[in-house]
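Please read the structure below before turning to the comments.
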Amino acid sequence: MSLTTTRTHVMLPRLTARASRVSSAAFPARGFATIQVGLPEAKEDITQVFKHDNVGIPEFKPRDNTAGAPSKLHEKKVWSQAEIDDALKTNSVFAWGPSDALREACPTIARGEGVWLYDKDDNKYLDWSAGAVCTNLGNSMPKEIKSAIQEQMETAPFVYGDLAVTEARAKLSSLLGDISPGDLNGFIYASGGAEANECAIRMARRYTGRYKILSRYRSYHGGTTSTLAMTGDPRTWATDTQITGFVKIPDPFPFSFSWGEDAEKAAKSALLALHEQILMEGPESIAAIFMEAITGSNGWLLPHPSYMQGVRALCDEYGILMIVDEVMCGFGRTGKLFGFMNFPGVVPDMFTFAKGVTGAFMPLSGVGMTDKIFDFYRTNAPAYGSTYSGHPLTVACGYATVKYILDNDIPHRVKQMEPTLAEGLAHIVSKHKSAKQARVIGLAGGIDLAGLEGDSLMHMHQAHPGVAFLRRRLREEGLITLLRGHHMHCTPPLIISESEISTGIEILDKCFGELDDFLEEHK
């Protein structure tokens with residue numbers, strides 16, 4: 001059977017000619033026109049319209065683009081340390097810092113067990129920051145989670161989430177709806193925290209029809225262009241000339257001045273400044289106020305409850321969405337299931353999560369939203385999507401991990417460990433000049449490094465040899481942790497024991513003592 005396609009012929013409307021005021025015949029051609037007056041006639045040669053430059057095309061210099069062959073090295077099951085080091089030096093680029101320095105500072109890990117990591121020589125390291133504040137259940141996978149991933153691998157290892165769905169996706173979404181406060185019942189998935197925040201930005205802008213996003217200076221929201229622009233710490237400077245629509249608001253914890261010694265009065269002053277800024281920016285232009293309930297990367301800052309309550313009230317007053325970044329705090333880190341639950345009565349319009357939802361066993365993140373926002377997106381596209389959104393393996397891992405957190409009451413266990421960590425950090429601060437102050441909530445804590453005069457060791461964007469010294473000594477003593485600017489994270493896996501916390505504090509005590517001496521010697 002043949003198919004016949006009928007084409008519709010569209011005729012151009014007939015042009016009615018009008019006489020021009022000057023005839024081109026007045027300028028006789030000499031091979032080609034050197035001056036043109038008026039439009040060319042229909043049959044006139046193109047060279048009479050415009051004389052083109054003969055720029056040509058640069059000479060193509062071909063290079064070999066055939067695929068290479070794997071080296072004999074890849075036939076070996078186990079590599080030597082020298083072979084690993086050479087491959088990393090030759091082929092591996094590191095993130096957030098110079099590759100050579102980071103490569104030299106990182107031990108090569110062969111296995112993990114609980115809160116410990118072991119290198120190829122079986123030296124062990126206490127994972128004092130839970131990686132990037134993400135290995136919440138430690139460095140060995142519970143059998144329940146492993147079984148869930150294995151079962152999904154053997155049945156449907158992948159489906160594209162906009163063409164097909166899986167039971168695991170339904171189960172995780174239902175469970176998150178059950179445990180999230182208020183009417184936070186809609187969930188969309190991505191792979192990493194930055195992706196989730198990027199998704200939330202787009203959804204907020206489309207839902208409200210507004211474009212400005214307000215966020216704090218002392219914040220970190222991810223490494224994509226938009227989320228880095230929304231970030232407030234010095235990493236955002238890389239995007240300063242590239243993107244608009246992101247406005248920074250005053251922090252309740254400024255570096256160089258105080259809103260007031262009384263925490264509640266200081267919170268009120270910060271809120272009044274925020275209210276003024278909302279009015280000056282134009283409330284009708286602001287889509288969302290986007291913030292971590294408890295600032296993570298920038299120092300575990302703990303605002304007075306009235307601050308977050310005030311932000312919620314301002315959002316309600318002006319129709320602004322309140323979006324809480326729970327990428328670090330979510331799923332038990334602060335002793336509550338979510339960080340915003342530490343502030344009585346505060347429920348955001350949207351919240352983002354990652355890290356703890358799978359304990360970093362697999363890359364999964366997401367956005368939770370209220371019914372009102374979810375209802376809008378039942379009939380409108382969210383302007384976000386990705387190949388791995390709702391990936392069967394990651395949501396199966398997420399479902400098993402969240403069930404494990406609930407079954408073992410991880411948030412309650414975290415709250416039980418809080419006094420031990422707090423007491424240990426208080427000891428470090430009271431004993432060592434190089435420890436300026438510490439903050440703890442649950443197992444989210446850290447120490448600000450100090451110079452000999454008592455101020456911060458340096459500004460957050462600066463480097464200081466004391467930081468490199470401390471990082472090296474900690475590693476030599478068997479502890480690895482994140483140091484960002486002048487802040488050291490004390491955020492171990494949520495399964496850590498009291499004795500393991502004490503071991504960490506002993507190592508800190510020794511190394512901070514040596515840092516005191518280092519600063520004295522190099523003043």
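Hydrogens, waters and symmetry mates play no part in the numbers below; they use all other heavy atoms, side chains included.
With hydrogens and angles left out, the side-chain atoms of His487 and Asn298 include no donor and acceptor closer than 3.5 Å. Donor-acceptor pairing under 3.5 Å is lacking for the side chains of Asp349 and Thr370. Under 3.5 Å, the side chains of Asn185 and Ser180 contain no donor-acceptor pair of N or O atoms. Side-chain contact annotation: Thr227 with Glu198, donor-acceptor N/O pair under 3.5 Å absent. Side-chain contact of Glu292 with Tyr220: a donor-acceptor pair under 3.5 Å is absent, judged by distance alone.
Between Arg111 and Asp122, at least one side-chain N (NZ, or NE/NH1/NH2) sits under 4.0 Å from a carboxylate O, which counts as a salt bridge. Salt bridge absent: Lys124 and Glu113 never bring a charged side-chain N and a carboxylate O closer than 4.0 Å. Salt-bridge formation is not detected for the pair Asp516/Lys431: no Lys NZ or Arg NE/NH1/NH2 atom is positioned less than 4.0 Å from an Asp or Glu carboxylate oxygen. The pair Glu144-Lys403 fails the salt-bridge criterion, with no side-chain N (NZ, NE, NH1 or NH2) lying under 4.0 Å from an Asp/Glu carboxylate O. Salt-bridge annotation for Arg169 and Glu167: absent, with no side-chain N of the basic residue lying under 4.0 Å from a carboxylate O of the acidic one. A salt bridge between Arg216 and Asp325 is absent, with no side-chain N of the basic residue lying under 4.0 Å from a carboxylate O of the acidic one. Between Lys89 and Asp86 there is no salt bridge, since none of the side-chain N atoms of the basic residue sits less than 4.0 Å from a carboxylate O of the acidic one.
Taking the six-membered ring where the residue is Trp, Phe338 and Phe340 present parallel rings, their angle staying beneath 30° rather than reaching 60°.
In this structure a side-chain-to-backbone donor-acceptor pair under 3.5 Å is missing from Thr352 to Asn197. Of the possible polar contacts, none joining the Ser174 side chain to the Ala170 backbone as a donor-acceptor pair under 3.5 Å is found. Judged by distance alone, the side chain of His432 and the main-chain N or O of Ser434 form no donor-acceptor pair under 3.5 Å. In this structure a side-chain-to-backbone donor-acceptor pair under 3.5 Å is missing from Arg413 to Asn408.
Atoms CZ and CG, on Phe331 and Leu337 in that order, are 6.5 Å from each other to the nearest 0.5 Å. A distance of 11.0 Å separates CD of Glu506 from CD of Glu477, quoted to the nearest 0.5 Å. With values rounded to the nearest 0.5 angstrom, Ile495 atom CD1 is found 12.0 Å from Met417 atom CE.
For Phe158, the ring-ring contact (aromatic ring centres under 6.0 Å, His included) criterion is met by His391, not counting sequence neighbours. Under the rule for a ring-ring contact (aromatic ring centres under 6.0 Å, His included), His412 has no partner lying at least two apart in sequence or in another chain.
Between Pro181 and Met341, the closest side-chain pair of non-hydrogen atoms falls below 4.5 Å. Inter-residue side-chain proximity for Leu494 and Arg333 is flagged as met; some heavy-atom pair is nearer than 4.5 Å.
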Starting from the C-alpha separation in whole Å, work towards a yes-or-no answer on side chain to side chain donor-acceptor pair (under 3.5 Å) for Ser173 and Tyr189. CA-CA 9 Å; Ser173 301; Tyr189 301 106; 2.8 Å; yes
Just do the side chain to side chain donor-acceptor pair (under 3.5 Å) check on Ser499 and Ser497 with the steps written out, would you? CA-CA 5 Å; Ser499 64; Ser497 67; 3.1 Å; yes
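Between Tyr125 and Tyr118, the ring center distance fails the sub-6.0 Å criterion.
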